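Worksheet for the structure shown next.
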Protein chains: 2
Amino acid sequence: MTAAPGLTKNQSLVFDVLSRSDAPLSAYTILDKLRDHGFRAPLQVYRALDKLLERGMVHRLESLNAFVACAHQEKECCGGHGHGTVAFAICESCGHVVEFHEHAVDHRLDDWARERKFKPAKTTIEIRGLCEQCAA
Amino acid sequence: MTAAPGLTKNQSLVFDVLSRSDAPLSAYTILDKLRDHGFRAPLQVYRALDKLLERGMVHRLESLNAFVACAHQEKECCGGHGHGTVAFAICESCGHVVEFHEHAVDHRLDDWARERKFKPAKTTIEIRGLCEQCAA
DNA sequence: ATGACACACGTTATAGCATAACGCAATTGA
DNA sequence: TCAATTGCGTTATGCTATAACGTGTGTCAT
Ligand SMILES: [Zn+2]
Ligand SMILES: [Zn+2]
Ligand SMILES: [Zn+2]
Ligand SMILES: [Zn+2]
């Protein structure tokens with residue numbers, strides 16, 4: 001029970017499932033895992049996910065249509081959950097995901113945007129490939 | 001009629017629709033635009049898209065579940081359609097998409113992967129926000 | 001030619017991901 | 001107390017993508 005502050009019951013349940021998983025989960029997989037806890041419909045999951053995403057406690061992997069718990073501790077370099085752009089390395093064999101920051105990347109993309117007067121709202125960076133274990 | 005070499009009829013039709021569009025299109029939108037040309041089922045679109053993606057003539061925007069024609073001319077800096085990682089700036093207001101390379105970003109991500117012995121297969125970089133026009 | 005193979009195509013059905021719209025209950029804050 | 005907000009549960013629907021089947025066509029070695 002990783003009780004978290006300010007979360008409703010459903011939000012806690014969803015966050016818990018994601019925290020325990022060592023691979024990204026789709027909303028429907030989460031739903032299945034929570035049927036015993038009274039979950040019956042996708043919206044219960046999506047509503048919880050929306051709030052968790054708002055708080056930065058969960059990230060969405062766009063290339064997978066799946067979700068992961070944020071891997072950061074509360075007090076990470078860039079301000080913990082208030083972090084800026086985050087990137088993911090996703091193993092297509094074992095499903096393992098590594099979340100990381102690359103300031104140089106962020107800054108370069110920021111520069112690109114500033115030069116073109118583009119106002120970034122959210123940036124997605126996802127590398128799919130094989131992790132060290134699976135690259136054999 | 002942007003006739004392209006080595007493409008089947010369906011592939012040409014799909015590529016043409018994407019080339020003419022100034023915003024990304026979903027597979028189902030493409031389907032609707034091609035009903036007059038005999039398209040009846042999603043698979044006709046997806047099969048054509050698969051081949052176009054293989055050739056690098058079309059890109060998939062993961063955060064939008066949509067597709068765009070490659071913006072490069074045949075002989076771009078990184079080798080035209082054989083290009084490496086490409087990035088996109090997507091305006092959430094007008095839908096316009098700019099495709100670009102940032103070598104510094106590519107290299108930094110490559111370094112990250114090499115340090116961790118992660119073997120990248122495909123990298124997604126998408127910046128969502130507001131273009132200069134829409135940022136008003 | 002004939003057969004074997006690869007590949008595109010068309011169709012139907014199904015699977016997987018996400019939201020609209022309704023109404024109710026609990027909470028908060030004038 | 002009243003109104004506003006937020007979360008919740010349910011049903012229905014919409015959007016995205018693929019499975020599985022069969023057909024036709026071209027290539028190429030036999
Ligand atoms: Zn994070
Ligand atoms: Zn792996
Ligand atoms: Zn391109
Ligand atoms: Zn715009």
Side-chain angles (χ1 to χ4, degrees), chain A residues 3-18 21 23-55 57-68 90 92 95 97 122 124 126 128, chain B residues 3-18 21 23-55 57-68 90 92 95 97 122 124 126 128:
Chain A
L7 293 185
T8 68
K9 186 169 195 307
N10 285 2
Q11 289 159 21
S12 291
L13 286 167
V14 169
F15 183 67
D16 247 47
V17 166
L18 282 174
S21 174
L25 299 177
S26 77
Y28 278 71
T29 302
I30 296 169
L31 173 58
D32 286 340
K33 288 182 182 293
L34 289 176
R35 293 216 184 261
D36 294 345
H37 293 269
F39 276 53
R40 312 279 326 190
L43 249 117
Q44 295 173 274
V45 177
Y46 282 110
R47 290 205 270 232
L49 284 172
D50 283 345
K51 294 302 179 187
L52 295 169
L53 288 166
E54 270 177 22
R55 291 178 184 234
M57 298 174 66
V58 161
H59 299 292
R60 176 187 169 83
L61 299 179
E62 301 289 353
S63 68
L64 248 41
N65 293 330
F67 305 85
V68 288
I90 304 166
E92 296 186 299
V97 172
K122 177 161 193 297
T124 297
E126 299 177 13
R128 301 184 58 170
Chain B
L7 292 185
T8 68
K9 187 168 193 306
N10 285 3
Q11 288 160 19
S12 290
L13 287 167
V14 169
F15 183 67
D16 247 47
V17 166
L18 282 174
S21 174
L25 299 177
S26 76
Y28 278 72
T29 302
I30 295 170
L31 173 58
D32 286 339
K33 288 182 183 294
L34 290 177
R35 293 216 184 260
D36 293 346
H37 292 271
F39 275 53
R40 312 277 328 183
L43 234 77
Q44 296 175 272
V45 177
Y46 282 110
R47 290 205 269 230
L49 285 172
D50 283 346
K51 292 305 179 184
L52 295 168
L53 288 166
E54 269 177 21
R55 291 179 184 233
M57 299 175 63
V58 161
H59 299 293
R60 176 187 169 84
L61 299 178
E62 300 289 352
S63 69
L64 248 41
N65 293 330
F67 304 84
V68 288
I90 304 167
E92 296 186 301
V97 171
K122 176 159 192 298
T124 298
E126 299 178 13
R128 300 184 57 169

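Order of the sequence lines fixes the chain letters, A, B, ..., with proteins taken first and strands second; residue numbering starts at 1 for each chain. Keep in mind the model is a prediction, meaning the values are calculated, not measured.
Considering only heavy atoms from C-beta on, B:V58 stays 4.5 Å or farther from B:V68 through its side chain.
The side chain of B:T8 contributes no N or O atom lying less than 4.0 Å from OP1 or OP2 of C:dC7. Listed pair B:K51 / C:dA8 meets the phosphate criterion, a side-chain N or O lying under 4.0 Å from OP1 or OP2.
The two residues A:P24 and A:L64 make their nearest non-hydrogen contact at CG-CD2, 3.8 Å.
Non-hydrogen atoms lying under 4.0 Å from DNA chain C are contributed by A:S26, A:Y28, all within residues 25-35 of chain A.
Taking A:E126 as the reference, nothing meets the salt bridge (charged side-chain N to carboxylate O under 4.0 Å, His left out) condition, with sequence neighbours excluded. B:A27 meets the side-chain contact (heavy atoms from CB on, under 4.5 Å) test with B:V45, B:Y46, B:L49, B:F67; sequence neighbours excluded. Looking at residues two or more places apart in sequence or on another chain, you find a side chain to side chain donor-acceptor pair (under 3.5 Å) between A:N65 and A:R60. Under the rule for a side-chain contact (heavy atoms from CB on, under 4.5 Å), the partners of B:K9 that lie at least two apart in sequence or sit in another chain are B:L13.
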Pairs: protein N or O with nucleotides 10-12 of chain C N or O, under 3.5 Å:
residue : atom : partner : partner atom : Å
C:dG10  : OP2  : B:N10   : ND2          : 2.8
C:dG10  : OP2  : B:Q44   : NE2          : 2.7
C:dG10  : N7   : B:R47   : NH2          : 2.2
C:dG10  : O6   : B:R47   : NH1          : 3.2
C:dG10  : O6   : B:R47   : NH2          : 3.1

- Item | From CA spacing to verdict: side chain to side chain contact (heavy atoms under 4.5 Å, CB included), B:Q11, B:V14 | CA-CA 5 Å; B:Q11 288 160 19; B:V14 169; 6.0 Å; no
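A donor-acceptor pair is defined here as one N or O able to donate and one able to accept, closer than 3.5 Å; such a pair exists between the side chain of A:S12 and the backbone of A:T8. No donor-acceptor distance shorter than 3.5 angstrom exists from the side chain of B:R55 to the backbone of B:L7, with no hydrogens or angles considered.
In the helix from C:dA1-D:dT30 to C:dA30-D:dT1, the end axes, each obtained as the rotation axis mapping the C1' atoms of four pairs onto the next four within a five-pair block, lie 30° apart to the nearest 10 degrees.
Pairs engaging residues 38-54 of chain A under the salt bridge (Lys or Arg N to Asp or Glu O under 4.0 Å) rule: A:K51-A:E54 [sequence neighbours left out].
Protein chain B contacts DNA chain D over a range whose 5' and 3' limits, counting nucleotides with an atom under 4.0 angstrom from a non-hydrogen atom, are D:dT16 to D:dA20.
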